[in-house]
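In what follows, a structure is listed as structure tokens, so that the remarks can point back to it.
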Amino acid sequence: MKVVIGQGSCGIASGAKKTEAEFRKIIDEKQLSDIIIDKTGCIGTCYLEPIVDIYDDEGNREARYVKVQPEKVAGIVEKHLIGGEVVTEDVISDEDAAILASQNRIVLRNCGKINPENIDEYIATGGYEAARKVLNEMTQMEVIEEIKVANLRGRGGAGFPTWFKWNAARENPGDEKYIVCNADEGDPGAFMDRSVLEGDPNAVLEGMIIGGYAMGACEGIIYVRAEYPLAIVRLEIAMGQARERGFLGKNIFGSGIDFDIRIKAGAGAFVCGEETALIASLEGERGMPRLKPPFPAAKGYWQKPTNINNVETYANVAWIIRNGGEAFAALGTSQSNGTKVFALAGKIKKGGLVEVPMGMTIRDVIYKTGGGIKNDRSFKAVQMGGPSGGCIPASLIDTPVSYEDISKTGAIVGSGGMIVMDEDTCMVDMARYFLDFTRKESCGKCNYCRLGTKRMLEILERITNGEGRDGDIELLEELAHKVSEGAMCGLGQTAPNPVLTTIRYFRNEYEDHIYNHKCTAHSCKALISYHITDKCTGCTLCARNCPVGAISGERKQQHTIDPDVCIKCGKCAENCHFSAIEIE
């Protein structure tokens, strides 16, 4: 019998290491030497971590337990591992199990199922069969043609055809060529790449081997965020085991081809997600973009032909080779084929990772796959594409998730982040938050991005502080278009998107802030005030919890709040049992 504990970053943060330690302690005490304790990555249901799966001796899963904190371990050991009885109150619900079962998992096919630190478990799923086939049975053009048939588009944001980039690098002459994996995942609320690297690193390595062969690369490089230490450790383990098997290094798979992969840990600059800035960082320079052309396919790393794709793109490749491009193309829409991994975050009940066919509507992703809005509040908008994307309002909730349909809304699919917002979200403040992020992450090379984003942020901060002026909205729009048109790289060109989309769909909120000095979402502190109504019973609970002593009144009498002292922290409303405190 085997006990498998989910130990991606989300599982570990939820206490999976303590859960494992408790299992080992109790199993040792009871001398259950036939019980194996193993680990796996994140299966995607981050809201249920720590997750523990129990398998029988034939490898069949007997039960999946969720939210397994150390205090639950003794009961699972006693009842299930010893008594053979499933602890029903701790198993995954039918609803959550159905959500997992309904997904089309290609990128996440092994995540949460295999031990990412054991290459044998990856091989047992058919791992490295595609690479062996490619290197020994297929030509470069045959590989590229299969990717073309699949219509695999880059999953890093732009959605550019993968086969075209591979072929361009193949056609450009050069004694040395490089294939790079962009794992510099920097969008707030995005964690797709991290989870794949932690849960199934060999899938990415195999995809890079295949892509490297197709373009004629001599070396692969994974540019990964240094903030992903667990992903780096598991990549290093996977690469070491692959070298031992002859899958990396000299004469891989007995093909006569030499190819190896190394890791470069990035310093966490968001701009290094842009391919030319990434290349500059790889070369030891400050991560700053350069003008294109020439494109990296012609002159990239050390001025050699270079191809760059992201983690999710490479994770699709081996599956496509094994199952055929047509099988991948059959999923999704006519132009946006295959599946897409999304990170659901924000005001959503079931936050985590999901993989669904392209073309599914935003409504179905949020309500069917994500379980709906927390506390059953009203859905207001979703931010897609991170700081480079835009806010899509509730009126467009039935928009299909495809590159073409999402771009029509003013947002982008991006790498796959979905930050869900409810009725209490201020859209002006949301635009301010994302613009603050891109302004800080600007490399400062071009004036439009360096100065334009700063001026836009100053206006947004003024509006959210209750100091908005007539003409601010129009000025924001003018600056946004100038930055978008004049910035040199993708960071600057897309930085205004959150501002433009919130003005487009939520202009009334900007006007309320500026002309009525009100924040209808009750989010901007400078534009709200707290009042105690006649529902107050004088229990003094609000006064006792006020950190600045702004509330006064006699016991059993209606209390009052001094607006000059109140810091608008909301502690009074949180602690009132009689709904006697209103926010205006």
Apply side-chain hydrogen bond (donor to acceptor under 3.5 Å, both in side chains) to residues Asn115 and Asp38 and explain how you reach the verdict. CA-CA 7 Å; Asn115 184 339; Asp38 207 352; 2.6 Å; yes
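- Put simply, the side chain of Gln241 gets close to the backbone of Ile119: a donor and an acceptor are under 3.5 Å apart.
- The pair Arg132-Glu137 does not meet the salt-bridge criterion, since no charged nitrogen lies less than 4.0 angstrom from a carboxylate oxygen.
- Sorted by first then second residue, the salt bridge (charged side-chain N to carboxylate O under 4.0 Å, His left out) pairs that include residues 326-349, not counting sequence neighbours, are Glu312-Lys340, Lys347-Asp422, Lys349-Asp376.
- Ring orientation note: the planes of Phe379 and Tyr367 are nearly perpendicular, at an angle over 60° on the 30°/60° scale.
- Between Tyr213 and Phe259, the ring centre distance reaches or exceeds 6.0 Å.
- Between Asp34 and Lys2 there is no salt bridge, since no side-chain nitrogen of the basic residue lies less than 4.0 Å from a carboxylate oxygen of the acidic one.
- You'll find the side chain of Met358 stays beyond 4.5 Å of the side chain of Thr339, heavy atoms only.
- A salt bridge links Arg243 to Asp260: at least one charged side-chain nitrogen sits closer than 4.0 Å to a carboxylate oxygen.
- A ring pair (Phe, Tyr, Trp, His ring centres under 6.0 Å) check over residues 49-101, counting only residues at least two apart or in different chains, returns the pairs Tyr65-His80.
- Enclosure of atom CD in Glu89 by more than 12 non-hydrogen atoms of other residues, nucleotides or ligands within 6.0 angstrom is indicated.
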Verdict with supporting geometry, Ser281 and Glu283, side-chain hydrogen bond (donor to acceptor under 3.5 Å, both in side chains): CA-CA 5 Å; Ser281 181; Glu283 294 173 345; over 6 Å; no
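- When side chains are defined from C-beta on, Val3 does not count as touching Ile36, because their heavy atoms never get closer than 4.5 Å.
- Here the side chains of Ile392 and Ile397 are not in contact, with every heavy-atom distance at 4.5 Å or above.
- With hydrogens and angles left out, the side-chain atoms of Glu171 and Asn167 include a donor and acceptor closer than 3.5 Å.
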Return a table of donor-acceptor pairs under 3.5 angstrom between the side chains of residues 95-104 and protein atoms on other chains or two or more places apart.
residue: Asp96; atom: OD1; partner: Tyr47; partner atom: OH; Å: 2.7
residue: Asp96; atom: OD1; partner: Lys350; partner atom: NZ; Å: 2.8
residue: Asp96; atom: OD2; partner: Ser93; partner atom: OG; Å: 3.0
residue: Ser102; atom: OG; partner: Ala98; partner atom: O; Å: 3.3
residue: Ser102; atom: OG; partner: Ile99; partner atom: O; Å: 2.9
residue: Gln103; atom: OE1; partner: Arg105; partner atom: NH1; Å: 3.2
residue: Gln103; atom: OE1; partner: Glu355; partner atom: N; Å: 2.9
residue: Gln103; atom: NE2; partner: Ile99; partner atom: O; Å: 3.4

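- Asp193 is not listed as a side-chain neighbour of Ser415, based on a closest heavy-atom distance of 4.5 Å or more.
- In this view, Phe160 and Phe164 satisfy the ring-ring contact (aromatic ring centres under 6.0 Å, His included) rule, not counting sequence neighbours.
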Report, one line per pair, each donor and acceptor closer than 3.5 Å where one atom sits in a side chain of residues 4-17; sequence neighbours left out.
residue: Gln7; atom: OE1; partner: Lys17; partner atom: NZ; Å: 3.0
residue: Gln7; atom: NE2; partner: Glu20; partner atom: OE1; Å: 3.0
residue: Ser9; atom: OG; partner: Glu198; partner atom: OE1; Å: 3.4
residue: Ser9; atom: OG; partner: Glu198; partner atom: OE2; Å: 2.5
residue: Ser14; atom: OG; partner: Cys10; partner atom: O; Å: 2.9

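- Using a 4.5 Å heavy-atom threshold, the side chains of Arg155 and Leu152 count as touching.
- Salt-bridge annotation for Arg234 and Glu117: present, with a side-chain N of the basic residue lying under 4.0 Å from a carboxylate O of the acidic one.
- Residues satisfying the ring-ring contact (aromatic ring centres under 6.0 Å, His included) criterion with Phe253, sequence neighbours excluded, are Phe247.
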Any chance you could lay out the side-chain hydrogen bond (donor to acceptor under 3.5 Å, both in side chains) test for Glu176 and Tyr301, step after step, and finish with the verdict? CA-CA 10 Å; Glu176 297 177 0; Tyr301 183 52; over 6 Å; no
Please assess Trp166 against Asn309 for the test side-chain hydrogen bond (donor to acceptor under 3.5 Å, both in side chains), listing each intermediate value before the final yes or no. CA-CA 10 Å; Trp166 288 12; Asn309 290 114; 3.0 Å; yes
